[in-house]
Structures are given as structure tokens and as C-alpha cells.
There are 2 protein chains.
Amino acid sequence: MVEQRPDRLTPSHAPPWIRPAVLLTVDLVILTIRAAELHVLLVERGVDPFQGQLALPGGFLDHDGEDIVAAAHRELRQEAGLDASRLHLEQLGTYGAPDRDPRGRVVSVAYLAIAPGLPEPVAGDDAAEAVWTPVEHVLSGRSVLAFDHGLILTDGLERARAKLEHTALATAFCADTFTISELQAVYEAVWSVRLDQRNFYRKVQAVPGFIVPAPSGSRPTAGRPARLFRAGPRTVLHPPLVRPDGAHPLIELGEQ
Amino acid sequence: MVEQRPDRLTPSHAPPWIRPAVLLTVDLVILTIRAAELHVLLVERGVDPFQGQLALPGGFLDHDGEDIVAAAHRELRQEAGLDASRLHLEQLGTYGAPDRDPRGRVVSVAYLAIAPGLPEPVAGDDAAEAVWTPVEHVLSGRSVLAFDHGLILTDGLERARAKLEHTALATAFCADTFTISELQAVYEAVWSVRLDQRNFYRKVQAVPGFIVPAPSGSRPTAGRPARLFRAGPRTVLHPPLVRPDGAHPLIELGEQ
DNA sequence: CGAATAGTGTCTATAAGACATTATACT
DNA sequence: AGTATAATGTCTTATAGACACTATTCG
């Protein structure tokens, strides 16, 4: 347990009768499917700690009374050019190892966001530097993330993988209406497996309230047009869509 | 989004080039089984905000460099008289609504701890005021908790309920060695259901590495002595022990 | 008509749930 | 002997996984 003596950022200058305080940041694991592959939105850091390296989008709380989820919304808009009200957003966890930020004591609350595949990457926005990166690039070590963001991404990934089984999270990867094939592609990308089309159709439609037929017709495609669905009222899946062996973690995450 | 102007606790006195900082607390949801019923450890608050009301054990970070998990360990010892190294402890989530603490901006990182049923309640320790309370008392509204601790407890409960399905968490409620009946009692208490004894035996023993026979013999009991087991090497359960209908949440928790 | 994608049915194997009796130790 | 708890087997039903062909639209 190292007693930090940071030089600039921490408010250790506060009077002694004030309890030790920390700086709070919000970091975002934003996942989407692009070209049938799971991608995460990363930014290239422009300033000093880890300058030039890839990192999760995020930043400090704006003012003393800013709600943490509100800060996540704000960063989503500012750094990713995404509208938080149309995304799935959930808290992932808090990362507060004393030495995780070389500037001093910075505690980060991480959020997991799921975005539908967007027509074009975020560009022209404030989020000039944001780039969709295949998750596989990070997992394989081809891209190394700043701070403990590699760990945060791993945790976010496993969270998403697990929630696909028991919740309707997969629909958050899809546009407002979607086909069953598109939904299957989500499961296949996130779990990195191939699923049997017939069994998938059967199981998905056996879960009451998971997806409901969309009144409108079809969409332009080469081949037989698919029926469209939208997310149903149920967020908890009964029965669950269980991952095949091989898409499971070997140890339980989230300890300590 | 209310701009807070707290009087004493927040470090808004810090110079302007310092970013807004928050005070961090750690709160603990400590669960155990007592008399076949799920209990949570609560403390009666001795100081001003919510004085005299029940609350989760917890407290502020000790010094500027204290690790958050270390603070959870410390509070576990100080407020509950429990040895953190022998417990299951995992992060539950972070609660940071700007108005959750009337003293000002206080963000709390909540932890979920699972303790084996202890021979006697914690007493004589530093934790004079700690009292095991049936979770049902809180859920039914007979006990109302300070701050947003009711919400935190609800989240902790659902976390525990869910993890019983897919992980070996139930063994954390048991002593080092335990019988299958004791393990079943854990599931029944946490899920608030009755399970069939024969099916439970079959399913528990069908999960490789979940529980392994303890070499030692039996224990004093009225009736046929039971075989003893201890937790096996697997923390992830394949196949899972699924909750019966009725022990499931209707909506998914953990949103935002 | 060919290419491309959507949609469907059956069989088999495994798991889940309902159910009652025997076994062992203690008093 | 009686009491209290532990341990076990079978049948039925439901779910999971493997497997290949027909349907519809577009160019």
C-alpha cells in the first residue's frame, strides 16, 4: 500500500479536517458489431500519460455535482458522438488501484455501452480520434491499451458474453428492427462461435417476449426477404440461450 | 442535476486548477445463513445523518492511497469483526447519485461479502453495534435502511441469487466442510424456495469439481451421519443449477 | 434461370422434475 | 424400539443438438 504524493491533480492540498478525496473518471467500453466482428471504440490519447496510446473513451467528472451516469452520457456524446438515450448503458465496475494512474489517485467508474452497428464510423464529430477496433486485436495483444483499460475491456467483454445468455442484451446490438439472422450474427460475434440456424430460430422464438414481429414488411436484400422483428418487452430470458462449451470463462470474473 | 454547495466534507475548497473530487466510501452487503434464513449484517448509526437508523457497515477511505478492496477488508474487520481473507468478497457496484448523502458528494463503492454461518453473532468485537438481520425484514419494509442502502442490498441480493446458479458461491456460505443438506439449505434460503432433496443430490454431484468429498468422517448429529464435502476447484458450474420459476427477477437489474 | 438468403421438421440424447423407501446412528 | 436425518432409483417430460431441404426474391 503505497502512500501517494501526487504533484498536481489530487486535492491533498485540502485542509486536514477534510477526509481524503479522490478524483473520479468515467471510462466507457462501447461495443458494436461491424462486418460480423465485435468492435470496441478506442481513442488515441493526445495528452501526457500514455500519450499516443489507445485507451477507452472517458474523462473526469465535469463538476462537483455531476451524476456519474450523466457523466457517462456526456462522454458518450463528446468522445464517441453517440446519443446515450438510444443505447444500452450499464455500470461495469469501479477500478481504483492506487497506482493505476501515474498522475495520482484517480478512481474510474467503468460503463458498458452497446451500440447498434452504425452506417459509418463516428467522424466529423467531436470524436475525431475515435476508432472502432476489433476486440480481437486487443485480446491478441496487437493493440495495447493505456492504464488498466485492457482489464476493463476484458471485464466488459465477459459481462456482455454472459448477459447474452440471460437477457435481451443482444437486441441492443441491433437496429430498431432486425432479422433473426442479424440477431444470430450478434450471438456468433460476441461468443465467437458458429450456431446452427435452425436451432437458433427455434430457441429464440420459444422465449416469450424476447422478440416480437415488426408490423412493417421487409428490407432490400439479395435473396429471400427476411421478416423483421423488434425487441419485445422481456429483458430476462426464460429459458436462457446457453453458450456452447468453449464460449465459457474458465474462472468466474469479478472477484475483488 | 443539482450543483451542491456542501459546507464541511467536500473538498470544494481546493484551488480551481484542481478538478472536482469526491469522497469515497465503501459499503458492505454481508450475507450469511442463520437458522435456515438469509441474514444481512447491519449497524445502527451513531452519528448524525440518519442517526439511530440501520445501515450497511462501511466507511470512508482511510487515507489517500488506500486501495478500495483494502478498505473493504478493513471495514469488514473493524465493523463486522470478520476476517476478510476467509470470506468471499466481490465488488457489487458504485452508487454516486449527487444527493444520496446529505453531507455532500459522497460516492460509495459497494461490496458483496458472503460469510459462513457463525457460531455466535459478532459481539465483544469492535463491532458492538453490528446485528444480523433477516433480509426479509428489510424487504418487507419492517426495517428501513439509511441512505440508498436499501437499493444496495437489493442489488446485492439479486447478485447472490444469480451467482448461485452459475458459480460455486453457495460454498462460501458454508464452513470449510459441509454436508449436501447444508448446501441445499443455502440454496433454499437464498432463493426462498423448497428444493427436492433427491434431484438436488443428483445435480450437485453431476457438476464436476463443484464439491469434493472431505477425507474426514462425520459430525455429531441426531440421525444418520452425513458425508462431508468441501468446495472443489471449479468456481464456474457446468451445468448450472438453474433457479426454479418464481425465484427469478422480473426485470434485469444493473441498468444504469 | 441461377444466385443468394430465409425459413422449416425430425430424430436422438441428455437433463429436469416428480415421486417414496431404505439406511444409519442416536436416545 | 422409536426417532431423526441421510442417501438413493425410476419414470416421464422437456430441452438440446445434429442434420438437409424447400421457399422467396432479385438480377
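Throughout, protein chains are lettered first and strands after them, A, B, ... in sequence-line order, and every chain is numbered starting at 1.
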Base-contact (B) and sugar-phosphate-only (S) positions in nucleotides 15-27 of chain D, heavy-atom cut-off under 4.0 Å, - elsewhere: -BBBBB--BBBS-
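Side-chain atoms of B/S181 lie closest to D/dA6 of the nucleotides D/dA6, C/dG7, C/dT8.
Between B/I211 atom CD1 and D/dA6 atom P the separation is 13 Å, expressed in whole Å. Per the geometry, CZ belonging to B/R227 stands 12 Å off C1' belonging to C/dT24, to the nearest Å. Atom CZ in B/F200 sits about 16 Å away from atom C1' in C/dA15, given to the nearest Å.
If you run side-chain hydrogen bond (donor to acceptor under 3.5 Å, both in side chains) between B/R230 and each of B/T171, B/D176, B/T177, only B/D176 comes through. For the pairing with A/L145, the side chain to side chain contact (heavy atoms under 4.5 Å, CB included) check across A/L151, A/L42, A/T133, A/I152 returns one residue only, A/L42. Paired with B/E90 under the rule side chain to side chain contact (heavy atoms under 4.5 Å, CB included), one option of B/V69, B/L112, B/I114 passes, and it is B/L112.
Put simply, the side chain of A/Y187 does not reach to within 4.5 Å of the side chain of A/V204, judged on heavy atoms. The side-chain heavy atoms of B/L28 and B/L56, taken from C-beta on, include no pair separated by under 4.5 Å.
Ring orientation note: the planes of B/H238 and A/H248 are nearly perpendicular, at an angle over 60° on the 30°/60° scale.
In this structure a side-chain-to-backbone donor-acceptor pair under 3.5 Å is missing from B/R34 to B/W132.
Near-neighbour residues of DNA chain D inside residues 182-194 of chain A, defined by a heavy atom below 4.0 Å, are absent.
If you check the side chains of B/D27 and B/Y95, you find no donor sitting under 3.5 Å from an acceptor.
Not one side-chain nitrogen or oxygen of B/Y201 sits closer than 4.0 Å to the OP1 or OP2 atom of D/dT8.
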